[in-house]
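Worksheet: one structure, shown below.
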Amino acid sequence: MNTLGTSENPLQVAVVGSGPSGFYAAEALIKSGRAVRVGMFERLASPFGLVRSGVAPDHPKLKQAILVYDKIARAPEFSFFGNINVGKDIMLGELHQNYHAVLFTCGAETDRRLGISGEDLRGSHTATELVGWYNGHPDYRDRVFDLSHEVAVIIGQGNVAADVCRILAKTADELKHTDISEHALDTLAESKVREIHAIGRRGPAQAKFTSRELREFGELGDCDPGVDALELTLNPESEAELADKNNVVSAKNVEIFRDFARRTPSKHRRCIFQFLRGPVRLEGTGRLERVVLERNRLQGAPFQQSARGTGEISTLECGILFRSIGYKGVAVSEAPFDKRNGVMPNRAGRVLDSDGSVVPGLYCAGWIKRGPTGIIGTNRACSVETVGSLLADLDALATRDAKSGMAGVRALIEQRGLRAVNYDGWLKLDAAEVERGKLKGKPREKFTRLHEMLALLG
Ligand code: NAP
């Protein structure tokens with residue numbers, strides 16, 4: 001048998017998931033100098049993961065990453081299998097039969113839970129649901145959000161919470177020329193929400209917003225930011241955190257909060273940032289009516305401060321609430337999974353089994369590898385590390401017979417009567433979405449239902 005990674009015996013890699021980490025892994029493989037073939041599997045008919053269905057519609061610059069992914073997808077070494085769910089349509093064992101290595105880049109598909117009573121009351125939602133809904137993700141297309149109430153609460157102070165608050169705060173005019181899905185725009189245009197409360201369990205110095213995202217709240221068309229100046233008094237440990245040169249984002253954030261606290265509100269809506277408050281329970285008869293909050297204090301050394309309840313309780317009447325406290329990975333059948341942390345146990349991207357030994361031919365990158373942290377670009381270095389591990393294992397991955405890769409998988413797809421969407425198919429859908437958007441002055445109007453997409457592809 002010829003050496004693996006040569007034109008006679010190309011390295012065949014299956015990448016599971018088509019978000020940023022999947023594309024950066026494909027790029028690192030294709031640019032590795034070895035002969036490779038990459039098959040990318042995606043359960044949706046459309047590629048690009050959270051860049052398509054997570055990034056907020058009013059942040060089009062962040063979506064420009066798609067231009068890079070598109071170039072990678074057009075490489076001759078690359079093939080796309082959309083609408084194929086690994087673990088259901090095709091099993092991991094079958095990928096192993098056809099590829100030398102399987103690299104999971106399937107992200108963190110579910111949410112962490114608060115674990116408090118009332119969490120599942122009608123009117124209490126996860127941020128993921130709202131984000132998927134306004135971004136036209138088929139799984140969330142039919143979710144219903146009752147925006148007939150004046151007060152909305154968001155638990156958590158990360159960038160996802162910022163997106164949710166901002167989309168609720170913006171007017172329909174501010175959103176109508178974005179790629180927000182039509183069904184969401186129609187509902188948001190009728191929204192009665194006037195007060196949005198973004199609640200952090202820790203202090204202003206520990207909020208996880210990036211400063212650019214936070215600053216946007218001071219620039220909205222019909223919404224003022226609100227902060228109570230008294231809440232910006234910091235304990236010495238937080239002052240020490242802000243004095244640290246590596247913590248400029250938090251120092252900037254506190255400056256921005258101080259600016260917000262000085263403003264006099266004049267607009268129709270307000271987005272109020274509250275700190276040191278943790279939800280104790282959600283209450284209501286049949287549906288959410290209020291959130292019960294406990295005042296917290298910080299405990300611990302700088303950068304290790306955690307929130308501790310003080311016993312001081314308050315209530316906030318609200319009609320809708322979004323939990324935005326971080327994502328969590330979901331297990332893929334047959335692959336090892338660390339339930340507690342929601343990741344695949346791994347060492348530099350090599351997946352480990354329950355006794356800590358490396359599972360041959362199995363790798364991971366992105367949020368399923370390191371948890372849901374970092375911005376889009378963070379995934380590039382993460383995927384490069386994993387691909388480095390994979391290439392270092394080349395000798396061990398070599399098999400006696402060549403792997404059939406795409407051809408083998410195509411045969412399985414045909415046998416099972418599955419409707420895979422290839423990259424040309426996606427380009428056709430993409431062009432149709434752009435065309436639909438033109439009529440409304442939008443960059444695109446997304447398809448939100450699989451059957452519409454498959455019908456268009458014939
Ligand atoms: P995140 O940044 O980890 O923020 C989670 C928030 O939830 C934190 O404020 C956290 O507080 C809070 N929280 C966690 N558990 C809680 C609990 N039990 N009770 C109350 N509050 C709790 O997560 P994310 O907002 O989901 O964002 C995920 C990643 O995507 C981040 O890296 C983010 O920067 C990135 N992202 C970036 C953009 C962008 O660049 N525009 C947009 C969206 C997302 P503690 O700090 O106390 O844990």
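These figures come from a predicted structure and were not determined experimentally. All values below were derived from every heavy atom in this structure, side-chain atoms included, with hydrogens, water molecules and symmetry-related copies excluded. As the structure lists them, so they are numbered: ligands from 1, and atoms in each ligand from 1.
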- prompt: Can you tell which of Tyr99, Tyr423, Phe41 makes a ring pair (Phe, Tyr, Trp, His ring centres under 6.0 Å) with Phe81?
  reply: Phe41
Which option out of [options] puts a heavy atom nearest to [atom]?
atom: atom 48 (O) of ligand 1; options: Gln305, Arg112, Arg201, Lys61; result: Arg201
atom: atom 37 (C) of ligand 1; options: Asn159, Leu298, Ile154, Thr128; result: Asn159
atom: atom 7 (O) of ligand 1; options: Leu50, Ile325, Val131; result: Ile325

- request: Check each atom of ligand 1 against the heavy atoms of Leu62 and keep those under 4.0 Å away; list them by number with element.
  value: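 Here the atoms of ligand 1 in question are 41 (N).
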- prompt: Can you list the atoms of ligand 1 that are under 4.0 Å from a heavy atom of Gly326?
  reply: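 Here the atoms of ligand 1 in question are 26 (O).
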Answer with yes or no whether [X] contacts ligand 1, where contact means a heavy atom under 4.0 Å from a ligand atom.
X: Arg212; result: no
X: Gly278; result: no
X: Val55; result: no
X: Pro372; result: yes

Ligand 1 to [X] polar contact by distance, N or O atoms, under 3.5 Å:
X: Thr373; value: no
X: Leu114; value: no
X: Gln206; value: no
X: Lys208; value: yes
X: Val160; value: yes

salt_bridge(Lys170, Asp58) N-O dist < 4.0 Å: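 The answer is yes: the pair qualifies as a salt bridge.
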How does [X] reach ligand 1, if at all, at less than 4.0 Å between non-hydrogen atoms: by side chain, backbone, both, or neither?
X: Asp163; result: side chain
X: Trp367; result: side chain
X: Thr210; result: neither

